[in-house]
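Encoded as C-alpha cells, the structure appears first; notes follow it.
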2 protein chains.
Amino acid sequence: MNIAKNCVSRLSSYKNALTKLKNLGFTRVFSDNLADLISVTSSQVRKDFSLFGISGNRKGGYNIEELFNQINHILGKDIVHNIIIVGAGYIGKALMKYKTFEKEGIKIRAVFDSDPAKINRESSIPILPVKELKEFIQAQRIKIGIITVPENSAQLVLDQMIDAGIQGVLNFAPINLKEYPGIIINNVNIELELENVIYYTQTMENNKK
Amino acid sequence: MNIAKNCVSRLSSYKNALTKLKNLGFTRVFSDNLADLISVTSSQVRKDFSLFGISGNRKGGYNIEELFNQINHILGKDIVHNIIIVGAGYIGKALMKYKTFEKEGIKIRAVFDSDPAKINRESSIPILPVKELKEFIQAQRIKIGIITVPENSAQLVLDQMIDAGIQGVLNFAPINLKEYPGIIINNVNIELELENVIYYTQTMENNKK
DNA sequence: GATTTATTGTGAAAAAAATCACATAATAAA
DNA sequence: TTTATTATGTGATTTTTTTCACAATAAATC
Ligand SMILES: NC(=O)c1ccc[n+]([C@@H]2O[C@H](COP(=O)([O-])OP(=O)(O)OC[C@H]3O[C@@H](n4cnc5c(N)ncnc54)[C@H](O)[C@@H]3O)[C@@H](O)[C@H]2O)c1
Ligand SMILES: NC(=O)c1ccc[n+]([C@@H]2O[C@H](COP(=O)([O-])OP(=O)(O)OC[C@H]3O[C@@H](n4cnc5c(N)ncnc54)[C@H](O)[C@@H]3O)[C@@H](O)[C@H]2O)c1
C-alpha cells in the first residue's frame with residue numbers, strides 16, 4: 001500500500017484537530033466535523049481513514065480517544081523520536097527553542113555547527129562541532145535529521161548524515177538535494193511558499209480587473 | 001486558466017535552477033537539464049511551460065535569459081514586493097534576517113509584535129507595536145503579510161490583516177485559519193513536515209523487514 | 001418491536017495531474 | 001541543397017486523487 005504524501009499530511013492535521021477537540025472535552029466526532037476543521041470534504045476524511053483501516057460506528061461517528069490513538073500509532077507518534085539538527089543559525093535556533101516538539105514526542109538531542117563560536121556543550125540541547133556528527137548519530141542511534149545550513153553546505157551535510165546512518169531528513173536549504181535509495185528527504189522551502197502567495201495574490205488582483 | 005499550486009511551485013524551482021545556470025555562465029538549457037535539476041520529467045517541464053505560454057526553439061532548447069525573465073514576470077518577480085511580518089519571535093526574526101529575500105525582490109517593511117519589550121523603531125527593519133498594523137498596511141499599501149505568532153493569536157492577527165487590506169498571507173501557525181473570499185492563505189507547517197519524514201522513515205524501515 | 005433517521009464505508013465516477021508518444025520544426029552534417 | 005538529427009509542443013493516454021452516491025447499519029423515536 002503506497003500512501004500519498006497529501007494523505008499523510010492530512011493525517012497529521014486530523015491528529016491536530018483531535019487534540020483540540022479532546023482538550024475541549026469532546027468524546028465523539030463525525031467525519032463532517034473533522035472535514036470542517038481542516039477544510040476538506042467529509043468523504044475525503046472517510047476515504048483517508050478507510051485507506052489506513054480506521055473505522056468508526058455507523059451513526060455514531062468516531063470515538064475521539066480511539067481515533068487519536070490509531071492515528072498517532074500510524075504516524076509513529078506513540079514513541080519518542082530523537083532527532084538532530086545541523087546548522088545553529090536562525091532557523092536552527094527557532095527549532096531548538098520550539099517547546100511544542102517535546103510535547104509531541106519529538107526530542108532534539110543535539111544541534112551541530114561548523115562555527116566554533118556557536119558551540120555550547122552546557123546548553124540543555126548541546127550545540128556541538130559538526131566533526132562529532134557521525135559519532136553522535138551512531139552512538140545515539142539517531143534516524144532523523146534536520147538541515148538548516150546555508151544552501152552551499154547542504155549537500156555536504158546531507159552526505160555526512162547519510163554516511164552516519166540517518167534515514168529521514170527535513171531540509172530547509174533551497175536546493176534540490178541528491179536522492180539516496182531508501183532515504184526520505186522532505187523540503188521546506190520558505191521562499192517558494194512566499195512566491196506562491198505572491199503569484200496567487202497578483203493573479204487574483206488581475207482577475208478582478 | 002486555473003493553475004495548480006504544484007505547477008506554480010515548480011515555476012519557482014525552475015527560476016531557482018535558472019539563477020544557478022546563469023551564474024555558471026550558461027546561455028541555453030534543455031527541458032531535460034531543467035528536469036534533472038529539480039527532479040521531474042522533461043515532459044513535465046515542457047507541459048508546465050506550455051501551460052504558461054512559454055516556448056523555446058525546437059532543437060535549440062530555451063534561452064536562459066529569456067526563460068528566466070518570462071518566469072519572473074509570471075511569478076511577479078519583476079517588481080519589488082513589500083511585505084510585513086506579525087510576530088517578532090524566533091521565526092519572525094529568522095525571516096527578518098534572511099538576506100536572500102532582498103536579493104529576490106522581497107522587501108520586509110516592518111515587523112509587528114504585541115510585546116512592548118520587542119519594539120525597536122531604530123532597527124533597519126522596524127519592529128512596531130501591533131496596534132499600528134492597520135495604519136501601516138494602509139499607508140504603505142502592503143498587500144502581503146506573514147503570520148509568525150503563536151497558534152492562539154493567529155486568527156486574530158489574520159482578521160486584523162484582512163481588515164487592513166492584506167490580500168495574501170503566509171502562515172506559520174499550526175492552525176487552519178478561516179478562509180476569506182479573494183484572500184490567499186498559504187501555510188507552512190513545520191511540525192507536519194517533520195511528521196511526514198517520521199512516517200515515511202518508519203514505513204521504509206518496516207518494508208525492509 | 002417496527003420505523004425513521006443519521007452516519008459510515010466503499011465501489012464507481014469524475015476530475016486533476018503526470019506521462020507518453022509523435023508530428024513538427026530548427027539545426028547540423030553530408 | 002538535401003538528409004539526418006535532435007528537441008520542442010501538445011493531443012492522447014495513463015495514473016493518481018478526489019468526489020459522488022448509496023447500501024449497510026447503528027441509534028433514536030414511535
Ligand atoms: N532564515 C530564514 O528565514 C530562511 C528563509 C528561507 C530559507 N532559509 C534557509 O534555511 C537555511 C538556514 O537559514 P538560516 O537563516 O538559519 O541560516 P544562518 O546563516 O542563520 O545559519 C546557518 C548556520 O549553519 C552553519 N553552517 C554553515 N556551514 C555548515 C556546515 N558545513 N556544517 C555545519 N554547520 C554549518 C553556520 O555556522 C550557521 O550557524 C538556509 O539554507 C536558508 O537558505 C532560511
Ligand atoms: N519555532 C519553531 O521552530 C516553530 C516550529 C513549528 C511551528 N512554529 C510556529 O510558528 C509560529 C511562530 O513561532 P515562534 O517560535 O517564532 O514563536 P515565538 O513565541 O518565538 O514568537 C511569537 C511572537 O509573537 C508575538 N505575539 C503574540 N501574540 C501576538 C499578537 N496578538 N500580535 C502580535 N504579536 C504577537 C509574541 O510577543 C512573540 O514575539 C507559531 O505559531 C509556532 O507554532 C514555530
Side-chain angles (χ1 to χ4, degrees), chain A residues 1-14 17-18 21 26-68 70-71 74 176 179 192 196 199-200 203, chain B residues 1-14 17-18 21 26-68 70-71 74 176 179 192 196 199-200 203:
Chain A
M1 182 174 58
N2 212 25
I3 300 291
K5 185 161 184 282
N6 279 349
C7 195
V8 178
S9 294
R10 283 195 300 268
L11 267 202
S12 277
S13 301
Y14 298 139
L18 288 170
L21 292 172
F26 289 93
T27 58
R28 298 197 314 172
V29 68
F30 301 118
S31 58
D32 243 2
N33 309 138
L34 278 173
D36 285 350
L37 287 169
I38 78 162
S39 299
V40 297
T41 64
S42 62
S43 36
Q44 179 81 84
V45 174
R46 298 197 299 276
K47 194 38 135 265
D48 285 340
F49 290 175
S50 144
L51 257 172
F52 288 104
I54 294 174
S55 61
N57 308 331
R58 291 183 202 239
K59 178 101 182 187
Y62 303 84
N63 177 289
I64 289 180
E65 190 66 31
E66 235 172 76
L67 181 56
F68 185 73
Q70 284 179 89
I71 292 180
I74 293 163
N176 187 247
E179 284 164 41
L192 180 146
N196 259 274
Y199 172 83
Y200 285 109
T203 302
Chain B
M1 182 176 57
N2 213 26
I3 299 292
K5 186 160 182 285
N6 279 349
C7 195
V8 179
S9 294
R10 282 195 301 268
L11 268 202
S12 277
S13 300
Y14 298 138
L18 288 170
L21 291 174
F26 289 93
T27 58
R28 298 196 315 172
V29 68
F30 301 118
S31 57
D32 244 2
N33 308 140
L34 278 173
D36 285 349
L37 286 170
I38 78 162
S39 297
V40 297
T41 63
S42 62
S43 35
Q44 178 81 83
V45 174
R46 297 197 301 274
K47 217 343 125 29
D48 285 340
F49 289 175
S50 145
L51 256 171
F52 287 104
I54 294 174
S55 61
N57 307 332
R58 293 184 202 239
K59 177 104 182 190
Y62 303 85
N63 176 289
I64 289 180
E65 190 67 31
E66 236 172 74
L67 181 57
F68 184 72
Q70 284 179 91
I71 293 180
I74 293 164
N176 188 246
E179 284 164 41
L192 180 146
N196 258 274
Y199 172 83
Y200 285 108
T203 302

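To find a chain, count down the sequence lines: A is the first, B the second, and so on, and within it residues start at 1.
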Would a 4.5 Å heavy-atom cut-off, applied to side chains only, mark A/Ile3 and A/Phe52 as touching? yes
Interatomic distance where CG belongs to A/Asn63 and P belongs to D/dA27 [whole Å]: 12 Å
Starting from P on D/dT16, measure out to CZ on A/Arg10 and report it in whole angstrom. 16 Å
Between D/dT17 (C1') and A/Ile3 (CD1): distance, integer Å: 12 Å
Is there side-chain contact between B/Val29 and B/Leu37, with at least one heavy-atom pair below 4.5 Å? no
Give every residue pair that meets the salt bridge (Lys or Arg N to Asp or Glu O under 4.0 Å) criterion with at least one member in residues 42-55 of chain B, sequence neighbours excluded. B/Arg10-B/Asp48
Please identify each residue that fulfils ring pair (Phe, Tyr, Trp, His ring centres under 6.0 Å) with B/Phe49, with sequence neighbours left out. B/Tyr14, B/Tyr62
Rounded distance in Å - CG (B/Asp32) to C1' (C/dT19): 14 Å
Quick one: is C/dT10 close enough that its OP1 or OP2 comes under 4.0 Å of any side-chain N or O from A/Ser50? yes
What is the distance, rounded to the nearest whole Å, between atom CG of A/Leu34 and atom P of C/dT7? 13 Å
Quick tally for nucleotides 25-30 of chain C: nucleotides whose base has a protein heavy atom under 4.0 Å get B, sugar-phosphate-only ones S, the rest -, giving BBB---
Nearest whole angstrom, please: distance from the P of C/dT8 to the CZ of A/Phe30. 7 Å
Using a cut-off of strictly less than 4.0 Å between a heavy atom of the residue and any atom of DNA chain D, enumerate the qualifying residues of residues 39-48 of chain B by number. B/Arg46, B/Lys47
Classify A/Tyr62 by what it touches in the nucleic acid, base, sugar-phosphate, or nothing, heavy-atom distance under 4.0 Å. sugar-phosphate
Please name all residues satisfying salt bridge (charged side-chain N to carboxylate O under 4.0 Å, His left out) with B/Glu66, sequence neighbours left out, ordered by chain then number. none
Given atom CG of B/Leu51 and atom P of C/dA17, what is their separation to the nearest angstrom? 10 Å
Just do the side-chain contact (heavy atoms from CB on, under 4.5 Å) check on A/Ser13 and B/Asn176 with the steps written out, would you? CA-CA 9 Å; A/Ser13 301; B/Asn176 188 246; over 6 Å; no
With a 4.5 Å heavy-atom cut-off, do B/Asn33 and B/Leu21 have their side chains touching? no
Contacts of type salt bridge (charged side-chain N to carboxylate O under 4.0 Å, His left out), residue A/Lys59, not counting sequence neighbours: none
Between D/dT18 and A/Asn6, is there an OP1 or OP2 to side-chain N/O distance shorter than 4.0 Å? yes
Would you call B/Asn57 and B/Asn63 a side-chain contact if the rule is heavy atoms closer than 4.5 Å? no
Between atom CG in A/Leu67 and atom P in C/dG9, what is the gap in whole Å? 10 Å
